[in-house]
> 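After the structure tokens below, expect a handful of questions from me.
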Amino acid sequence: MSLYTITGAQLAFGHVALLDHADFSLEAGERVGLIGRNGAGKSSLLKIVADLSKPDDGLVTRQQGLTSVYVPQEPEFDTDDTVFEAVAAGLTHARALLDEYDVVANQLADEPEGPAHDELMSRMNTLQSALDHSDAWNWSTRVATTLQQIGLNGEARVGSLSGGMQKRVALARALVVQPDVLLLDEPTNHLDFEGIRWLEELLVSLRAGLLFITHDRAFLDRVATRIVELDRGRLLSYPGNFSAYQTRKAQQLEIEQVEAAKFDKLLAQEEVWIRKGVEARRTRSVGRIARLVQMRNERAERRNVQGNVKLDVGQGEKSGKIVAELTDVTKRYGSRTVVDNFTATVMRGDKIGFVGPNGAGKTTLLKMILGELPPDEGTVRIGTNLQVAYFDQMRAQLDLDKSLADTISPGSEWVEVNGQKKHVMSYLGDFLFAPERARSPVKSLSGGERNRLLLARLFARPANVLVLDEPTNDLDIPTLELLEELLTEYDGTVLLVSHDRAFLDNVATSVIASEGAGKWREYVGGFTDWQIQRDRSQQMAQDAQKEAVKEAAPKDSGAAAAGRKEQRAAKLSFKEQRELEALPAQIAALEAEQKTIGAQLEDGSIFAKDAAEGTRLTARYAAIDEELLVAMERWDELESRRK
């Protein structure tokens, strides 16, 4: 039996139907990812499931005694509370029952036998049953255990925590309830890569039913067991993760287009027939007229696929070949070193992703690359003719009281993009803003719509260097994919800070990653390539350390001598002799292949021309390292046995 079911739900704001006879169910243990366009009604549906709002019409059924907990995008706390108090707030109802139980117990002790005593006893039994059911007797232990599992300090003040740690507190407050259904709205917001990985592991291990909204495609792939898409008022279910959804969705849209085209062709034929005149006395003609009327109604009620954002960035004049050159730069804040002895060169056309935990210094490094912040040590040489456009994750560039039109083109009704004039209404339409909303204030927009407006403002200005600080927050998946395509084809330089792993993989040609203690290192490729190279480097360092320990350990001289004598005595077989002779040529061939691949990857252009080929070459470059290591070790072993 389903934990939760919605049948024939309807919900509308004004003339827009967010839910149009929608059906939905959630089974025990399911992890459902809810996706859809910005403004489609995903958060509204989540609140209906959380019982925080009601649909205009439709049947909602829940299992008896079902416990659900809703975690909003921006959780609210009393900043003066400790983390323990904030998490314990999730058990407010249980603690209230416990307090009432204590009051009733005291009253019962003073009440003589009689009707009042019996009434108190009945209430006490009811409370005891409720406390047993909710396991409220040990609420303090439950809070402490949850804090330990999530890695939180219960004595810390909530107001002193970062956005990512506050998100963990909100999750702890939800999990301490031990809900049957967990509802999460954009759970990855404010989390860095480690935080997202931690959350993935946590959610995959949960036994509760899970319904969550996210635009993070890698997160959907890792966590979701089913994708539900809110599309034109209907809820469409796709078993499997996001990759499986993409395949089935493409097939469905293709079928839908074919069916719509057939319907429209038949309707056009019937319209031609009706204009030629009808023999009204014939029953067949009367039926045909009725069918035509029905077809007209169906065509009028059809909700077409919403158009995509039309992205086109204003190309500035070309910058110099070198955008920035950093040599041994160091930056400190007090006793903390944010950037330590970092050297790099940013070339025109580079698309660089900056990755690292929150507070690592990504913004500081960006400002030094752009010449906005001088280093404490080292030199920064800035290139010529730079036209920089910023995308700010805090949306500080938006005046909330200004209208959308004034935000895009203050004092003018025209926007110039790539040398062509465009009316501001038409330009806003490219970003899915209806003409009637052009005079609305910015403060009336949702988070995703504000991000779209900021993109519209950014791309309306000529630039040859784009600085994008968390551009993917609140953007729906179709807009994300279009933005990826635009940035891939963009001729200028892109400096990108993002926690969206798929976005980094699809856009970045190199990654500058924080390695702790102010150390930064540049890697070729996107996020996945960085992970592979980083893990390999760490493994090699660990192996070298083990080897050093082994070399430093005292050796039994007698045993060592016997071992060497035994090794010398071992003769090479004919096959091993041939293998030894072939190894130098094999090693030389591998080194030559690696050098060739390194030259192809060096300037990053391969990723702009053919991202798949760039990824393949990066993986092959890493694999050659392993093959060379194996070949060298084998050559050393055979050579030592031959002597």
Side-chain angles (χ1 to χ4, degrees), residues 192-193 313 316 318-327 329 331 338-339 342-357 360-373 375 378 380-383 386-393 458 463-472 483-515 518-534 598 600-609 611 614-615 617-618 621:
D192 56 26
F193 294 120
V313 63
K318 279 192 174 182
S319 65
K321 189 172 182 181
I322 293 178
V323 173
E325 190 174 42
L326 287 72
T327 307
V329 296
K331 187 68 183 177
V338 179
V339 180
F342 178 65
T343 298
T345 302
V346 180
M347 307 295 290
R348 181 179 67 221
D350 282 352
K351 296 176 176 62
I352 301 175
F354 293 80
V355 302
K362 298 186 289 292
T363 303
T364 298
L365 187 54
L366 262 176
K367 287 182 176 179
M368 285 200 291
I369 289 173
L370 297 169
E372 297 179 359
L373 188 67
V380 177
R381 184 162 69 93
I382 304 301
L386 299 187
Q387 296 173 282
V388 182
Y390 286 88
F391 182 98
D392 175 22
Q393 68 163 322
L458 178 79
N464 52 35
V465 178
L466 293 179
V467 181
L468 306 174
D469 191 356
E470 295 291 357
T472 62
L483 181 58
E484 287 173 352
E485 186 178 338
L486 172 79
L487 294 177
T488 301
E489 296 173 356
Y490 179 56
D491 291 335
T493 305
V494 178
L495 304 177
L496 170 66
V497 177
S498 177
H499 290 131
D500 188 320
R501 294 157 291 178
F503 193 79
L504 282 168
D505 271 340
N506 294 335
V507 173
T509 58
S510 66
V511 163
I512 294 178
S514 167
E515 302 201 325
K519 295 294 184 183
W520 295 81
R521 183 177 172 187
E522 187 168 8
Y523 295 83
V524 174
F527 179 84
T528 303
D529 302 309
W530 162 63
Q531 280 193 312
I532 292 169
Q533 294 173 69
R534 180 199 61 180
Q600 290 177 273
L601 295 173
E602 189 172 355
D603 64 356
S605 61
I606 184 68
F607 291 92
K609 295 173 185 172
T615 303
L617 288 175
T618 303
Y621 189 94

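Sequence positions, counted from 1, serve as the residue numbers for this chain.
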> What pairs with Glu325 under side-chain hydrogen bond (donor to acceptor under 3.5 Å, both in side chains), at least two apart in sequence or on another chain?
Arg381

> What closest approach, in Å, do Phe503 and Pro471 show between heavy atoms, and which atom pair accounts for it?
CE2-CG, 4.2 Å

> Between the main-chain N or O of Gly349 and the side-chain N or O of Thr493, is there a donor-acceptor pair closer than 3.5 Å?
yes

> Under the side-chain hydrogen bond (donor to acceptor under 3.5 Å, both in side chains) rule, what do Thr528 and Asp505 come out as? Steps first, then yes or no, please.
CA-CA 6 Å; Thr528 303; Asp505 271 340; 2.5 Å; yes

> Between atom OG1 of Thr343 and atom CD of Glu522, what is the distance when rounded to the nearest 0.5 Å?
11.0 Å

> State yes or no: are the ring centers of Phe193 and Phe527 separated by less than 6.0 Å?
yes

> Applying side chain to side chain contact (heavy atoms under 4.5 Å, CB included) to Ile369 and Val380, what does each step give before you reach the verdict?
CA-CA 7 Å; Ile369 289 173; Val380 177; over 6 Å; no

> Taking side-chain hydrogen bond (donor to acceptor under 3.5 Å, both in side chains) as the definition, give me every residue that meets it alongside Ser498, ordered by chain and number, with sequence neighbours left out.
none

> Could I get the full list of side chain to side chain contact (heavy atoms under 4.5 Å, CB included) partners for Val338, not counting sequence neighbours?
Tyr333, Arg336, Thr364

> Side-chain contact test, heavy atoms from C-beta onward, threshold under 4.5 Å: evaluate it for Val388 versus Leu370 and give yes or no.
yes

> Can you name the closest pair of heavy atoms from Ala463 and Ala389 and give their distance?
CB-CB, 3.7 Å

> Apply side chain to side chain contact (heavy atoms under 4.5 Å, CB included) to Asn464 and Asp491, showing your working.
CA-CA 8 Å; Asn464 52 35; Asp491 291 335; over 6 Å; no

> So which atom in Gly356 and which in Asp192 form the shortest heavy-atom distance, rounded to 0.1 Å?
O-CB, 4.3 Å

> Mind checking side chain to side chain contact (heavy atoms under 4.5 Å, CB included) for Ala513 and listing every partner two or more places apart, or none if nothing turns up?
Val355, Val511, Tyr523, Trp530

> Taking atom CG of Leu365 and atom CH2 of Trp520, what is their separation to the nearest 0.5 Å?
5.5 Å

> Determine yes or no for a side-chain-to-main-chain donor-acceptor pair under 3.5 angstrom, with Asp350 supplying the side chain and Ile352 the backbone.
no

> Who are the salt bridge (charged side-chain N to carboxylate O under 4.0 Å, His left out) partners of Lys367, not counting sequence neighbours?
none

> What do the steps show when you test Leu326 against Thr345 for side chain to side chain contact (heavy atoms under 4.5 Å, CB included), and what is the final call?
CA-CA 6 Å; Leu326 287 72; Thr345 302; over 6 Å; no

> Quick one: pull up CG in Leu468 and CG in Leu495 and give me the separation to the nearest 0.5 Å.
8.5 Å

> Can you name the nearest heavy-atom pair linking Ala360 to Ser514, along with the distance?
CB-OG, 3.8 Å

> Should Arg348 and Ile322 count as side-chain neighbours, where that means a heavy-atom distance under 4.5 Å?
no

> Would you check if the side chain of Lys331 reaches a backbone N or O of Gly518 as a donor-acceptor pair within less than 3.5 Å?
no

> What's the spacing between Asp500 CG and Glu470 CD if we round to 0.5 Å?
8.5 Å

> Can you list everything that forms a salt bridge (charged side-chain N to carboxylate O under 4.0 Å, His left out) with Arg521? Sequence neighbours excluded, please.
none

> Applying side chain to side chain contact (heavy atoms under 4.5 Å, CB included) to Phe354 and Leu366, what does each step give before you reach the verdict?
CA-CA 9 Å; Phe354 293 80; Leu366 262 176; 3.7 Å; yes

> Could you tell me whether a side-chain N or O of Thr509 sits under 3.5 Å from a main-chain N or O of Gly525, the two making a donor and an acceptor?
no

> To the closest 0.5 Å, what do you measure between CG (Asn506) and CD (Glu484)?
4.0 Å

